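Report on the following structure.
Values in this document were obtained by computation on a predicted structure and should not be read as measured data. Quick note: residue numbers are just sequence positions, from 1.
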Amino acid sequence: QVQLVESGGGLVQAGGSQRLSCAASGRTFSRYAMGWFRQAPGKEREFVAAISWSGGSTYYADSVKGRFTISRDNAKNTVYLQMKSLKPSDTAVYYCAAGRVVGTTSSTFDYWGQGTQVTVSS
């Protein structure tokens, strides 16, 4: 069982930066691939970024490639999402997820956090 708690959301101006963190419980964090997804009002949840258990492989949605960076610190049981050049279209609830294999779909991940709101003002 893995419990995930996101933090770092809030209000930011367009063009600004923000870093999300996801703290995981449990001693097996390093065995899990991690991902970030987001859901905007009235839209379905969508993939943002994912990272393998070792951190050696990363994956990004085309909409965030070059602007967002996913990373992890297995010693701290934490995964991060560094976001820059934010756009109003990035406004959403951002969710952290953990799974046994890395992937880009929601079904790949077994555990989910409660989400953190990111609002980008124009």
Nearest heavy-atom approach of Arg100 to Asp110 is N-OD2, 3.7 Å
To the nearest 0.5 Å, atom CD of Gln1 lies from atom CD of Gln3 at 6.5 Å
Note to self: For Thr116, is there any backbone N or O sitting under 3.5 Å from a side-chain donor or acceptor partner on Glu6?
What the structure shows: no
Closest non-hydrogen contact found for Ser17 with Gln82 is CB-NE2, 4.1 Å
Q: Assess whether atom CD of Gln114 is packed by more than 12 heavy atoms of other residues, nucleotides or ligands within 6.0 Å.
A: no
Query raised in the report: Do Tyr60 and Val48 sit in the same hydrophobic cluster, where Ile, Leu, Val, Met, Phe, Trp and Tyr count as joined when their side-chain heavy atoms come under 4.5 Å apart?
Result: yes
* Find out if a path of hydrophobic residues (ILVMFWY) with successive side-chain heavy-atom gaps under 4.5 Å connects Tyr80 to Tyr59. => no
*Test side-chain contact (heavy atoms from CB on, under 4.5 Å) on Arg67 and Asp90 and set out the steps.*
CA-CA 11 Å; Arg67 299 188 299 121; Asp90 294 317; 2.8 Å; yes
Give a yes or no on whether a salt bridge exists between Asp62 and Lys65, defined as a side-chain N under 4.0 angstrom from a carboxylate O. yes
Heavy-atom closest pair (Phe29 atom, Val79 atom, distance to 0.1 Å) is CZ-N, 4.2 Å
OG (Ser106) and CH2 (Trp112) are apart, to the nearest 0.5 Å, by 4.0 Å
Shortest non-hydrogen pair, Thr78 vs Ser21, comes out as CG2-CB, 4.3 Å
Practice item. Report yes or no: do Phe109 and Trp53 belong to one cluster of Ile/Leu/Val/Met/Phe/Trp/Tyr joined by side chain heavy-atom distances under 4.5 Å? Key: no
Tell me whether Trp36 is reachable from Ile51 by hopping between hydrophobic residues (I, L, V, M, F, W, Y) whose side-chain heavy atoms are closer than 4.5 Å.
yes
One should read off an interatomic distance between Ser122 OG and Gln13 CD, to the nearest 0.5 angstrom, of 9.5 Å
**Prompt:** What is the ring orientation for Phe68 with Tyr94, classed by angle as parallel under 30°, tilted 30 to 60°, or perpendicular over 60°?
**Reply:** tilted
CZ of Phe47 to CZ of Phe37, rounded to nearest 0.5 Å, is 6.0 Å
Rounded to the nearest 0.5 angstrom, the OG-CG distance for Ser30 and Asn77 is 7.5 Å
CZ of Arg72 to OG of Ser52, rounded to nearest 0.5 Å, is 7.0 Å
Between Gln117 and Val93, the two heavy atoms sitting closest are OE1-CG2, 3.2 Å
Heavy-atom closest pair (Met34 atom, Cys22 atom, distance to 0.1 Å) is CE-SG, 4.3 Å
### Task
State plainly whether one hydrophobic cluster holds both Leu20 and Val12, where clusters connect Ile, Leu, Val, Met, Phe, Trp and Tyr through side-chain heavy atoms under 4.5 angstrom apart.
yes
- Message: I want to check something: taking the side chain as every heavy atom from C-beta on, are Val102 and Ser57 in contact at a cut-off of under 4.5 Å?
- Response: no
